[in-house]
There are 2 protein chains.
Amino acid sequence: MRPPSTTLTGQELEIMKIVWERGSSTVREVYETMLERRKVAYTTVMTMMKILEQKKYLKKTQVERAHVYRAAQPKGKVIGAMVREFVNRVFNGSAEPLLVHLVEEGDLTREDLEEIARLRKPGRHT
Amino acid sequence: MRPPSTTLTGQELEIMKIVWERGSSTVREVYETMLERRKVAYTTVMTMMKILEQKKYLKKTQVERAHVYRAAQPKGKVIGAMVREFVNRVFNGSAEPLLVHLVEEGDLTREDLEEIARLRKPGRHT
DNA sequence: TGTTTAGTACTAATTAATTAGTATGCGACC
DNA sequence: GGTCGCATACTAATTAATTAGTACTAAACA
């Protein structure tokens, strides 16, 4: 009845961020990192990582006794999909109103915009 | 255990969009509009709108036999909060990487950026 | 060797989100 | 006046997301 999320959910993203950052991680390493921010059980992290593996966001390999997880998809691709999903859901697919929001709330300065515009136009043409 | 969403959830947003668009709406009007997109039960819409009222996104007034709902908060404010929450969650609060994504995926053209930059700089100074 | 340690597997509980059925009331219409 | 349509109230079921406990296993070590 309730459709599963098509992108990473909140806690899933937290874990993926850590794995992307570290390159590869055991459950324990992710667990320790998460503990720095909030209280969480080791098995909770393990369960989440197993789910992420089922969802094809993580790959695991056996190393000694432990599972070592690595990202199955590059960060840019996954985050990009999240951005697209957000733009679709909230702004019906058009990015420009999102940009207006960012600017109006002062999250972006004119300098930011111009810098990005240069990126888009590496030297001369469009 | 599982914290409630601090922003509008998917279906809640769908309903709010309709109410913002229409100014005010009965359950039936929202229901009819939603039916154009997908199958949904009248009572489902009603339940959602009641929840939205509890969450202070909608206000209701009795008109004749029916409840007439209006937005309790302006669209810009609510959407702005969603944008902020997204930027916080996905990009740790910095909007610039989001912008890079939008540009790289071709959702924004250089022209869009420059146009917005002008907005930010209404005539002369910063 | 026996015990502590660190790992996974399995199980399960809770909650928000989503969806919708059933009951009930009231006004309109025949 | 009876019935039909439309409104709400109340109830409930399902599922994804989140959290974590318990059992079991094997390595490490004293």
Side-chain angles (χ1 to χ4, degrees), chain A residues 1-18 24-35 37-70 78 82 85-86 89-90, chain B residues 1-19 24-35 37-70 78 82 85 89-90:
Chain A
M1 251 182 211
R2 188 193 177 185
S5 175
T6 55
T7 56
L8 290 172
T9 61
Q11 299 315 307
E12 287 173 351
L13 177 59
E14 288 313 302
I15 290 175
M16 288 306 299
K17 279 182 183 174
I18 293 168
S24 73
S25 285
T26 61
V27 172
R28 177 149 303 271
E29 287 164 343
V30 172
Y31 166 65
E32 302 284 3
T33 306
M34 289 187 79
L35 267 192
R37 294 227 153 262
R38 68 182 184 88
K39 180 180 167 299
V40 68
Y42 178 87
T43 49
T44 299
V45 178
M46 213 183 65
T47 304
M48 294 292 295
M49 291 178 78
K50 194 177 303 180
I51 290 172
L52 281 167
E53 195 214 345
Q54 287 164 2
K55 292 187 179 179
K56 306 292 181 193
Y57 288 105
L58 289 178
K59 293 180 293 192
K60 74 162 178 253
T61 54
Q62 190 90 30
V63 173
E64 315 280 313
R65 301 211 289 123
H67 291 164
V68 173
Y69 288 90
R70 287 182 301 122
V78 175
M82 293 188 73
E85 189 275 338
F86 183 78
R89 180 164 49 85
V90 179
Chain B
M1 250 184 212
R2 187 192 178 187
S5 175
T6 56
T7 57
L8 290 173
T9 61
Q11 299 315 308
E12 286 174 353
L13 177 59
E14 288 313 302
I15 290 175
M16 288 305 300
K17 281 182 182 174
I18 293 168
V19 176
S24 73
S25 284
T26 61
V27 172
R28 176 147 303 269
E29 286 164 342
V30 173
Y31 165 65
E32 303 282 4
T33 305
M34 290 187 79
L35 266 193
R37 294 226 154 260
R38 68 182 185 89
K39 179 179 168 298
V40 68
Y42 178 88
T43 49
T44 299
V45 178
M46 212 182 68
T47 304
M48 293 292 296
M49 291 178 78
K50 194 178 302 179
I51 291 171
L52 282 166
E53 195 213 346
Q54 286 164 3
K55 292 188 180 179
K56 305 293 182 191
Y57 287 106
L58 289 178
K59 293 179 293 191
K60 74 162 178 252
T61 54
Q62 190 90 30
V63 173
E64 314 280 313
R65 300 210 290 123
H67 291 162
V68 173
Y69 287 91
R70 286 181 303 122
V78 174
M82 292 187 74
E85 189 275 338
R89 178 164 51 85
V90 179

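All chains are named by letter (A, B, ...) in the order of the sequence lines, taking the proteins before the strands, and each is independently numbered beginning at 1. When reading the values below, keep in mind they use all heavy atoms of this one structure, side chains included, and skip hydrogens, waters and symmetry mates.
If you take CZ of B:R2 and P of C:dA16, they are 9 Å apart, rounded to a whole angstrom. Rounded to a whole Å, the CG atom of B:L13 is 15 Å from the C1' atom of C:dT18. One atom, CE of B:M49, and another, P of D:dA9, lie 12 Å apart when rounded to the nearest Å. Atom pair B:Q54:CD and D:dC10:P shows a separation of 11 Å (rounding to whole Å applied). Whole-Å rounding puts the B:M34 CE to C:dT19 C1' distance at 11 Å. For the pair B:Q62 CD and D:dA7 C1', the computed distance is 9 Å after rounding to whole Å. A:E29 places its CD atom 14 Å from the P atom of C:dA6, with the value rounded to the nearest Å. Computed from coordinates, the B:E12 CD to C:dT18 C1' distance equals 10 Å when rounded to whole Å.
Under a 4.0 Å N-O distance rule, the pair A:E14/A:R37 does not qualify as a salt bridge.
In this structure, B:M49 CE and B:M16 CE are separated by 8.5 Å, a value rounded to the nearest 0.5 Å. Here the CZ atom belonging to A:R89 is positioned 8.5 Å from the OG1 atom belonging to A:T6, to the nearest 0.5 angstrom.
Regarding contacts with the backbone of C:dG7, every side-chain N or O of A:T26 stays at 4.0 angstrom or more from both OP1 and OP2. Contact between the side-chain N/O atoms of B:K55 and the OP1/OP2 oxygens of C:dA17 is found at a separation under 4.0 Å.
Within 6.0 Å of the CD atom in A:Q62, the count of heavy atoms belonging to other residues, nucleotides or ligands exceeds 12.
For the segment residues 37-45 of chain B, the set of residues with a heavy atom within less than 4.0 Å of an atom of DNA chain D comprises B:Y42, B:T43, in numerical order.
Evaluation of the ring pair (Phe, Tyr, Trp, His ring centres under 6.0 Å) rule for A:Y42 yields A:Y31 as partners, not counting sequence neighbours.
Positionally, the nearest nucleotide of DNA chain D for B:R65 lies more toward the 5' end than for the other of A:T47 and B:R65. Residue-to-nucleotide proximity on DNA chain C shows that, of A:K60 and B:Q11, the 5′-proximal contact is made by A:K60. Looking at which nucleotide of DNA chain D each of A:E64 and A:M46 is closest to, the 5′-most match is held by A:M46.
At a threshold of 4.5 Å between non-hydrogen side-chain atoms, the residues A:H67 and A:E53 do not count as touching.
Side-chain N/O atoms of B:S5 and base N/O atoms of C:dA17 include no donor-acceptor pair closer than 3.5 Å.
B:L13 pairs in a side-chain contact (heavy atoms from CB on, under 4.5 Å) with only one of the listed residues (B:L8, B:L52, B:V78), which is B:L8.
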